[in-house]
Chemist: 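This is the structure I have questions about; it appears just below.
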Amino acid sequence: MTPSFDAIIIGGGINGAASAFFLARAGLRCVIVERLPALARLTTSRSMEAMRAQFVEPENVAMMRESIAFYQDFAARTGLEGYDIGVHQQGYLFLTTEADGLQRFGARVALQHSLGLTDVELLSGDQVRRRFPYAAAEEITAGAFRQGDGWLSAHEACFGFARASGAALRLNTTVSGLMIEAGRVHGVETDRGPLAAPQVIIAAGPYSGRVASLAGVELPLRIVRRHRVTIGQHPLIPQDAPMVIDQESGAHWRPEKPGAALAWAQAHEPPGEPLDEVPVNPHFVHQVLEGAYRLCPFWLDVAETLRRDQVFVQAGQYTITPDDKPIIGPHPQIAGLHFNTGYSGHGIMAAPGGGRLLADLVTGAVSDETNPFSFRRLSSLDAASGHQRLL
Ligand SMILES: Cc1cc2nc3c(=O)[nH]c(=O)nc-3n(C[C@H](O)[C@H](O)[C@H](O)COP(=O)(O)OP(=O)(O)OC[C@H]3O[C@@H](n4cnc5c(N)ncnc54)[C@H](O)[C@@H]3O)c2cc1C
């Protein structure tokens with residue numbers, strides 16, 4: 001007998017787990033199929049784990065606000081009493097050194113206010129230096145700050161979603177085929193036998209293109225390496241700081257008790273193939289420290305006094321779409337086949353809103369016609385026109 005479910009979710013990262021949670025809440029019996037021995041082992045475990053509502057596109061602002069509100073109240077919303085996902089709302093501070101930075105940030109903040117994000121603050125260079133003394137560079141001309149942004153434990157959130165979903169788990173199980181007949185999906189083939197369901201969700205992170213190709217579907221995804229540096233402990237790192245971002249370079253850092261996490265989405269990284277073990281650039285630690293001390297000079301003192309055993313560097317991959325927005329919802333020609341992928345570097349912060357939308361599309365509570373993240377929109381985008389997102 002082929003085990004049978006209402007929905008099969010391919011991928012046990014945060015977006016697979018969030019899909020399972022919201023589908024289960026809608027009454028579907030789900031199974032998460034994960035190739036690796038545990039959940040949250042691929043991209044989800046390598047991220048900066050940060051969340052922000054400071055976007056400028058209305059659909060992104062709405063999705064991130066929904067997601068942040070969910071994370072703030074995770075235990076109650078999931079029914080996991082006392083479950084702690086380590087939310088820290090210490091803010092996100094964007095900094096610029098452009099001569100017309102105050103005007104540019106002013107226009108962006110005004111747009112965000114018009115989208116209902118009225119708690120984004122516009123700061124002059126002097127205001128930045130007074131309020132955030134570690135952002136001491138004289139060149140800073142403006143800042144934009146939102147206290148409600150911050151970070152969380154992506155690992156805890158992923159496991160929390162999976163646990164609260166009550167979904168069956170098939171670990172160490174690789175999906176190797178999609179069963180499609182007469183334009184409708186019926187289940188998946190795996191290396192441990194077939195599974196049947198009328199709904200199949202591809203949430204396979206960087207491998208989503210490969211999984212979609214099993215159905216003859218091409219996804220316009222670019223897979224790009226990104227690093228994260230973790231500094232275990234250092235007395236010079238201010239633990240009350242927000243996420244601090246150099247708008248021009250893209251270098252960013254935040255405290256992570258008792259040290260910090262740093263990243264820099266460098267524009268020159270070429271796209272590559274999906275990988276489980278992403279090789280690390282040995283120069284990245286120096287590069288990101290240099291990137292961070294351009295605007296926050298204390299990082300020079302940290303760098304000079306760092307011991308090798310205080311620094312840990314790892315790399316993962318962004319899964320990037322041509323317009324930097326995820327692909328959520330149905331394939332228009334293959335009934336029952338859905339996507340929840342392509343988060344373009346925002347899959348932690350967007351997971352609750354994305355998972356809720358996916359479930360509403362699967363159940364028909366929301367129409368794909370009004371879905372800003374639809375698969376259908378991709379046909380009107382030129383893959384080559386996608387810009388290089390820095391964060
Ligand atoms: C350095 C770095 C920093 C980042 N910082 C942030 C941040 O601050 N905030 C933020 O929101 N996002 C951030 N991101 C992006 C975020 O990590 C991703 O968007 C998110 O983790 C994607 O989750 P996912 O569930 O879609 O994919 P993944 O976590 O990659 O999970 C996909 C799963 O599918 C499984 N799978 C693949 N193929 C198969 C198959 N055939 N059969 C079964 N299972 C399969 C994989 O093994 C994997 O476990 C960052 C990413 C990186 C690399």
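In each ligand, atom 1 is the first atom listed, and ligand 1 is the first ligand listed. Since the model is a prediction, treat every value here as computed from it, not as a measurement.
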Chemist: Quick one: look at Ala203 and ligand 1, take heavy-atom pairs under 4.0 Å, and tell me if it's side chain, backbone, both or neither.
Modeler: backbone
Chemist: Against Tyr92, only a single residue in Val120, Val244, Ile245 fulfils side-chain contact (heavy atoms from CB on, under 4.5 Å); can you say which?
Modeler: Ile245
Chemist: Check Asn340 against ligand 1 and report side chain, backbone, both or neither, counting heavy atoms closer than 4.0 Å.
Modeler: neither
Chemist: For ligand 1, which part of Glu49 has a heavy atom less than 4.0 Å away: the side chain, the backbone, both, or neither?
Modeler: backbone
Chemist: Under 4.0 Å, heavy atoms only, figure out whether ligand 1 is touched by the backbone of His227, its side chain, both or neither.
Modeler: backbone
Chemist: Taking it one step at a time, do Phe161 and Phe70 satisfy ring-ring contact (aromatic ring centres under 6.0 Å, His included)?
Modeler: CA-CA 11 Å; Phe161 274 133; Phe70 191 98; 5.6 Å; yes
Chemist: Determine, considering heavy atoms only, which of Leu171, Ile14, Thr43 sits nearest to atom 30 (O) of ligand 1.
Modeler: Thr43
Chemist: Output every pair passing salt bridge (Lys or Arg N to Asp or Glu O under 4.0 Å) with a member in residues 190-209, not counting sequence neighbours, ordered by first then second residue.
Modeler: none
Chemist: Looking at the rings of Phe375 and His338, which for Trp means the six-membered one, are their centres under 6.0 Å apart?
Modeler: no
Chemist: Please state which part of Arg46 comes within less than 4.0 Å of ligand 1, counting heavy atoms only: side chain, backbone, both or neither.
Modeler: backbone
Chemist: Near Arg377 CZ, under 6.0 Å, is it more than 12 heavy atoms from other residues, nucleotides or ligands?
Modeler: yes
Chemist: Does an N or O anywhere in Gly345 fall below 3.5 Å from an N or O of ligand 1?
Modeler: yes
Chemist: Near Val211, which atoms of ligand 1 are under 4.0 Å from a heavy atom of that residue?
Modeler: 41 (N)
Chemist: With a cutoff of 4.0 Å, is Arg41 in contact with ligand 1, counting heavy atoms of the residue only?
Modeler: no
Chemist: Quick check, are the ring centers of Tyr293 and Tyr134 under 6.0 angstrom apart?
Modeler: no
Chemist: Does Thr44, backbone or side chain, put an N or O under 3.5 Å from an N or O of ligand 1?
Modeler: yes
Chemist: Taking 4.0 angstrom as the limit and counting only heavy atoms of Gly11, give me the atoms of ligand 1 inside it, by number and element.
Modeler: 33 (C), 34 (O), 35 (C)
Chemist: Does at least one non-hydrogen atom of Gly12 fall below 4.0 angstrom from an atom of ligand 1?
Modeler: yes
Chemist: Pull out every atom of ligand 1 sitting under 4.0 Å from any heavy atom of Arg226, numbered as shown with elements.
Modeler: 1 (C), 53 (C)
Chemist: If you measure every N or O of Ile10 against every N or O of ligand 1, does any of those distances drop under 3.5 Å?
Modeler: no
Chemist: Kindly confirm or rule out a cation-pi arrangement of Arg226 over Tyr318, judged by NZ or CZ under 6.0 Å from the six-membered ring centre and within 45° of its axis?
Modeler: yes
Chemist: Looking at His113, Gln103, Gln247, which hits side chain to side chain donor-acceptor pair (under 3.5 Å) with Arg108?
Modeler: Gln247
Chemist: Considering non-hydrogen atoms of the protein only, which is the closest contact for atom 23 (O) of ligand 1, and what is the distance?
Modeler: Asn15 ND2, 3.3 Å
Chemist: Taking atom CD of Glu218 as the centre, report whether more than 12 heavy atoms of other residues, nucleotides or ligands fall under 6.0 Å from it.
Modeler: no
Chemist: Taking both backbone and side-chain atoms of Val175, is any N or O found less than 3.5 Å from an N or O belonging to ligand 1?
Modeler: yes
Chemist: Parallel, tilted or perpendicular: which fits the ring planes of Trp253 and Trp299, with parallel below 30° and perpendicular above 60°?
Modeler: perpendicular
